[in-house]
Peer 1: 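Below you'll find the structure I mean.
None of these values were measured; they are calculated from a predicted model. Every number for a ligand or one of its atoms is a count from 1 in the order of the listing.
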Amino acid sequence: MLEFDVVIVGSGLAGLTLALKLAEQNRRVGIVTKRTLLDGASSWAQGGIAAVLANDDSVEAHIQDTLIAGAGLCDEKATRYVVEHGRHAIEWLIAQGVRFTRDENNQTGYHLSREGGHSHRRIIHAADATGKVVQLTLAERIKQHANIIVLDNHVAIDVITIPKRGLKDRRCQGLYALDIHQDQVRTITAQHTVLATGGAGKVYLYTTDPDVATGDGIAMGWRAGCRVANMEFIQFHPTCLYHSHAKSFLITEAVRGEGGVLILPNGARFMPSHDPRAELAPRDVVARAIDFEMKKRGLDCVYLDISHKPVDFVKEHFPTIHDRCLKLGIDITREPIPVVPAAHYSCGGIVVDLKGKTDVRNLYAIGETACTGLHGANRLASNSLLECVVFAQAAAADIMEQTTTATTPLPEWDESRVTDADEEIVISHNWDELRRFMWDYVGIVRTNKRLQRAQHRITLLHEEIDEFYRNFRVSNDLIELRNLVLTANLIIRCAIQRQESRGLHYSRDYSDTWPAAQNTVLLPGAPIILSY
Ligand SMILES: Cc1cc2nc3c(=O)[nH]c(=O)nc-3n(C[C@H](O)[C@H](O)[C@H](O)COP(=O)(O)OP(=O)(O)OC[C@H]3O[C@@H](n4cnc5c(N)ncnc54)[C@H](O)[C@@H]3O)c2cc1C
């Protein structure tokens with residue numbers, strides 16, 4: 001049995017920030033992470049982090065931009081909280097040694113870029129590899145910290161909740177995690193447990209997310225009794241490279257910004273017939289148009305063509321994309337790039353307050369796993385990394401204020417009634433089936449019929465995987481599939497409830513938007529409630 005003051009599941013930006021903040025205050029911290037310290041969406045972030053840093057920018061302007069993107073569903077308190085703490089979050093990262101791109105001509109000393117939906121230049125970045133630079137810097141500090149133990153190649157299975165004496169509610173006291181190398185489940189005791197497991201993009205066939213994004217934290221929180229909200233709002237990136245050997249490679253929107261056109265296999269442009277802004281329409285409009293054309297014509301992909309631009313221009317502006325595609329046999333200076341839209345970001349998640357607290361005592365959720373209210377029905381670009389840092393810092397402050405209580409000895413993981421799985425094919429088959437029907441039925445454009453089909457299938461899958469889980473020894477794939485099925489179920493339930501089109505949820509059966517915005521909140525074991 002391992003014991004920490006705080007155990008954090010996940011080593012993305014949210015998890016690492018929290019670990020460092022707590023360790024600075026002499027807390028003994030354990031980080032449980034599925035693979036290596038650097039696996040996660042945070043390391044893949046390209047654009048940067050939004051924060052009000054320039055003199056001509058203002059907190060009010062950033063708040064307004066966020067509220068507009070969120071289509072009436074942002075929680076104004078949470079939005080103000082995050083935006084007001086933006087400068088402090090960036091200063092903390094700089095103090096940790098993060099080397100953002102400099103610009104001595106800018107009054108801040110840093111280069112600030114502007115992204116879609118932002119009224120000002122406010123994206124601080126490290127060239128086009130912000131996430132990697134930030135994560136490498138924080139990881140170095142983590143390794144040097146005596147108060148932090150990293151348990152890599154450990155997959156958290158479930159948090160452990162114990163009834164509090166004399167009270168009806170339960171409190172979290174740690175978790176079970178599968179040590180992949182030892183093939184053994186460990187019991188980890190902690191005063192506080194934090195879910196920082198990132199998103200759930202792997203629910204879908206196409207995603208820009210890394211393999212670790214299987215919705216584990218959301219599923220664990222739900223099973224422990226937390227409310228989950230707004231799961232229907234999945235942001236799809238319009239252009240992800242479509243190639244059997246290229247997993248999750250984003251083709252930046254700048255290609256369209258620089259004149260790239262979207263075409264069908266026969267070379268015909270289709271965006272002008274969908275929106276007067278054609279290829280320059282917002283992300284969700286372009287993603288919907290591509291989805292429409294693919295479904296209508298039964299296509300595997302469409303194409304993004306920038307080959308009409310001079311060769312030097314293409315190479316100079318898009319060196320990474322050019323190199324990556326060339327390695328796969330696609331010369332983007334001469335031919336179009338095959339692309340599909342892909343699941344990119346989950347706006348919903350475990351409901352938390354402004355301190356990252358969930359409904360279960362001593363259990364917190366931060367980062368993409370949480371639903372703080374910041375993103376509403378659509379995420380404003382580059383707000384998510386900011387949210388990771390701000391909420392990690394808020395959770396750290398709250399945890400530091402708590403008095404420590406005696407821990408109860410926890411039951412060890414019981415494997416006495418399970419055997420080794422007889423047919424691994426059940427897992428791989430169900431994994432494929434799930435991701436395919438979620439893509440086809442609960443993707444960018446939804447209809448009642450498609451959602452009902454998805455619900456029917458998910459119920460069957462749920463039963464099958466549940467039975468498998470009860471009878472066989474856990475493995476990484478089984479843990480992930482169990483969580484994917486539950487997360488997909490939560491997405492479908494939320495999507496069925498939202499009988500309107502708003503933000504990222506678009507239904508062909510309900511094209512109107514309700515006059516009053518309401519959150520979709522799911523409570524374990526209770527009927528769906530709207531607004532929290
Ligand atoms: C390609 C791409 C580009 C992006 N660009 C930007 C950008 O420019 N700006 C921006 O603001 N946002 C961007 N985003 C979104 C942003 O990167 C994520 O929202 C953010 O990094 C999430 O951070 P996190 O700490 O919550 O989770 P992650 O960074 O995803 O980390 C999750 C961690 O949890 C671990 N984990 C998961 N399940 C378990 C388990 N069961 N047991 C143990 N460990 C587990 C994972 O291994 C990982 O370490 C981008 C996302 C992608 C995919």
Peer 1: Tell me, which protein residue and heavy-atom name are nearest atom 29 (O) of ligand 1, and how many Å apart are they?
Peer 2: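 Looking at atom 29 (O) of ligand 1, the protein heavy atom closest to it is Ser42 OG, 2.5 Å.
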Peer 1: Short question: side chain of Arg28, backbone of Val6 - any donor-acceptor pair under 3.5 Å?
Peer 2: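 No.
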Peer 1: Please confirm whether Leu13 comes within less than 3.5 Å of ligand 1 when only nitrogen or oxygen atoms on both sides are compared.
Peer 2: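 The answer is yes, given that Leu13 and ligand 1 share an N or O pair closer than 3.5 Å.
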Peer 1: Please work out whether the ring planes of His245 and His243 are parallel, tilted or perpendicular, with thresholds of 30° and 60°.
Peer 2: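 The rings of His245 and His243 stand perpendicular, inter-plane angle above 60°.
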Peer 1: Is the shortest distance from a Lys or Arg side-chain nitrogen in Arg122 or Asp65 to a carboxylate oxygen in the other one below 4.0 Å?
Peer 2: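 Looking at Asp65 together with Arg122, the answer is yes, because their closest N to O distance falls below 4.0 Å.
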Peer 1: Go through ligand 1 atom by atom and flag the ones less than 4.0 Å from a non-hydrogen atom of Thr33.
Peer 2: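 Heavy-atom distances to Thr33 below 4.0 Å select 43 (C), 44 (N), 47 (O), 49 (O).
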Peer 1: Applying side-chain hydrogen bond (donor to acceptor under 3.5 Å, both in side chains), which residue pairs with at least one partner in residues 87-97 are found, sequence neighbours left out?
Peer 2: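 Qualifying pairs, neighbours excluded: Gln96-Arg141.
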Peer 1: Do ligand 1 and Arg35 have nitrogen or oxygen atoms that lie under 3.5 Å from each other?
Peer 2: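 No, no N or O pair falls under 3.5 Å.
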Peer 1: Return yes or no for this condition: an N or O of Ser11 is under 3.5 Å from an N or O of ligand 1.
Peer 2: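 N/O-N/O distance below 3.5 Å exists for this pair.
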Peer 1: Pick, from Thr214, Leu250, Asp211, the option with the minimum heavy-atom distance to atom 1 (C) of ligand 1.
Peer 2: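 Looking at heavy atoms only, the winner is Leu250.
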Peer 1: Among all protein heavy atoms in this structure, tell me which lies nearest to atom 28 (P) of ligand 1, with the distance rounded to 0.1 Å.
Peer 2: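 The protein heavy atom lying closest is Ala41 N, 3.6 Å.
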Peer 1: Within the 4.0 Å heavy-atom shell around Asp39, which atoms of ligand 1 are there?
Peer 2: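 By the 4.0 Å cutoff, the relevant atoms are 46 (C), 47 (O), 48 (C), 49 (O).
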Peer 1: If we only count N/O pairs under 3.5 Å, is Leu385 in contact with ligand 1?
Peer 2: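 Right, the criterion is met.
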Peer 1: Do me a favour and list the nearest non-hydrogen protein atom to atom 5 (N) of ligand 1 with residue, atom name and distance?
Peer 2: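 Answer for atom 5 (N) of ligand 1: Ala45 CA, 3.3 Å.
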Peer 1: To check your reading of the model: name the closest protein heavy atom to atom 44 (N) of ligand 1, its residue, and the distance in Å.
Peer 2: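 Nearest neighbour among protein heavy atoms for atom 44 (N) of ligand 1, to 0.1 Å: Lys34 N, 3.1 Å.
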Peer 1: Distance to 0.1 Å, residue and atom name: give those for the protein heavy atom nearest to atom 9 (N) of ligand 1.
Peer 2: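 Result: Gly48 O, 2.8 Å.
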Peer 1: With sequence neighbours left out, write down each residue that passes ring pair (Phe, Tyr, Trp, His ring centres under 6.0 Å) with Tyr345, or none if nothing qualifies.
Peer 2: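 If we apply the ring pair (Phe, Tyr, Trp, His ring centres under 6.0 Å) test to Tyr345, skipping adjacent residues, the hits are His375.
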Peer 1: Looking only at side-chain N and O atoms, does Ser475 offer a donor or acceptor that is under 3.5 Å from a partner on Asp477?
Peer 2: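 No, because no side-chain N or O of Asp477 sits under 3.5 Å from a partner of the opposite role on Ser475.
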Peer 1: Show the atoms of ligand 1 that are less than 4.0 angstrom away from any heavy atom in Val212.
Peer 2: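 With Val212 as reference, the close atoms of ligand 1 come out as 37 (C), 46 (C), 47 (O).
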Peer 1: Which one of Ile290, Asp284, Val286 satisfies the side chain to side chain contact (heavy atoms under 4.5 Å, CB included) criterion with Arg288?
Peer 2: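 Testing each of Ile290, Asp284, Val286 against Arg288, the sole residue satisfying side chain to side chain contact (heavy atoms under 4.5 Å, CB included) is Asp284.
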Peer 1: Under 3.5 Å, is there a donor on one side chain and an acceptor on the other for Thr208 and His344?
Peer 2: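 Present: a donor and an acceptor within the cut-off.
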Peer 1: Report, in ascending order of atom number, the atoms of ligand 1 lying under 4.0 Å from any heavy atom of Gly12.
Peer 2: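 Near Gly12, the atoms of ligand 1 are 25 (O), 28 (P), 29 (O), 31 (O), 33 (C), 49 (O).
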Peer 1: If you measure from each heavy atom of Arg379 to ligand 1, is any distance below 4.0 Å?
Peer 2: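 Heavy atoms of Arg379 do come under 4.0 Å of ligand 1.
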Peer 1: Atoms of ligand 1 less than 4.0 Å from Ala196 heavy atoms?
Peer 2: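 Those qualifying, in numeric order: 32 (C), 33 (C), 34 (O).
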Peer 1: Where the side chain of Ser42 meets the backbone of Gly131, is there a donor-acceptor pair that is under 3.5 Å apart?
Peer 2: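 No; zero donor-acceptor contacts below 3.5 Å.
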Peer 1: I need the atoms of ligand 1 closer than 4.0 Å to a non-hydrogen atom of Thr197, numbered in the order shown.
Peer 2: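 What qualifies from ligand 1 is 32 (C), 34 (O), 37 (C), 38 (N), 39 (C).
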Peer 1: Heavy atoms only, cut-off 4.0 Å: how does His125 contact ligand 1, side chain, backbone, both, or neither?
Peer 2: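 Neither part.
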Peer 1: Would you say Thr130 contacts ligand 1, with heavy atoms under 4.0 Å as the rule?
Peer 2: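 No, that is not the case, since the closest heavy atom of the residue is not under 4.0 Å from the ligand.
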Peer 1: Give me the residue, atom name and distance of the protein heavy atom closest to atom 26 (O) of ligand 1.
Peer 2: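 For this ligand atom, the closest protein heavy atom is Glu368 N, 2.9 Å.
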Peer 1: Would Thr369 count as a polar contact of ligand 1, with the cut-off being nitrogen or oxygen pairs under 3.5 Å?
Peer 2: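 Between Thr369 and ligand 1, no N or O pair is found under 3.5 Å apart.
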Peer 1: Note the single closest protein heavy atom to atom 52 (C) of ligand 1, along with its residue, its atom name and the distance in Å.
Peer 2: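 Answer, as residue, atom name and distance: His344 CE1, 3.6 Å.
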Peer 1: Could you list which atoms of ligand 1 come closer than 4.0 Å to a heavy atom of His154?
Peer 2: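 In order of numbering, the contacting atoms are 42 (N), 43 (C).
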Peer 1: Just checking, any donor-acceptor pair under 3.5 angstrom between side chains of Asn362 and Arg170?
Peer 2: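 Looking only at side-chain atoms, Arg170 and Asn362 do not form any donor-acceptor pair under 3.5 Å.
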Peer 1: Run the numbers on Asn483 and Arg223 for side chain to side chain donor-acceptor pair (under 3.5 Å), then give the verdict.
Peer 2: CA-CA 10 Å; Asn483 292 331; Arg223 285 192 294 264; 2.9 Å; yes
Peer 1: What atoms of ligand 1 come within less than 4.0 Å of a heavy atom belonging to Val155?
Peer 2: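 What qualifies from ligand 1 is 41 (N), 42 (N).
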Peer 1: How long is the straight-line distance from NZ of Lys34 back to OG of Ser11, given to the nearest 0.5 Å?
Peer 2: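 NZ of Lys34 is found 11.0 Å from OG of Ser11.
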Peer 1: Should His237 be listed as contacting ligand 1, given a heavy-atom distance under 4.0 Å as the test?
Peer 2: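 False for this residue.
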Peer 1: Considering non-hydrogen atoms of the protein only, which is the closest contact for atom 8 (O) of ligand 1, and what is the distance?
Peer 2: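 Here the nearest protein heavy atom works out to Gly47 N, 2.9 Å.
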Peer 1: Between ligand 1 and Ala156, is the shortest N or O to N or O distance under 3.5 Å?
Peer 2: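 Yes, there is a polar N/O contact under 3.5 Å.
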Peer 1: Is a donor on one side and an acceptor on the other found under 3.5 Å between the side chain of Thr520 and the backbone of Ala229?
Peer 2: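 No, because the side chain of Thr520 does not come within donor-acceptor range (under 3.5 Å) of the backbone of Ala229.
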Peer 1: For Lys202, is there an ion pair with Asp209 - N to carboxylate O distance below 4.0 angstrom?
Peer 2: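 So Asp209 does not pair with Lys202 through a salt bridge.
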Peer 1: Are any of the heavy atoms in Asp209 under 4.0 Å away from ligand 1?
Peer 2: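 Under 4.0 Å: yes for Asp209.
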Peer 1: Checking Asn383 against Thr66: is there a side-chain donor and acceptor pair closer than 3.5 Å?
Peer 2: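 Asn383 and Thr66 do have a side-chain donor-acceptor pair below 3.5 Å.
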Peer 1: Using distance alone, determine whether Ala14 and ligand 1 share an N or O pair under 3.5 Å.
Peer 2: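 Yes, Ala14 has an N/O under 3.5 Å of an N/O on ligand 1.
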Peer 1: Is a side-chain donor or acceptor of His118 paired with a backbone partner of His120 at a separation under 3.5 angstrom?
Peer 2: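 Absent.
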Peer 1: Please check if the side chain of Thr207 supplies one atom and the backbone of Ala343 the other of a donor-acceptor pair under 3.5 Å.
Peer 2: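 Judged by distance alone, yes, a pair lies under 3.5 Å.
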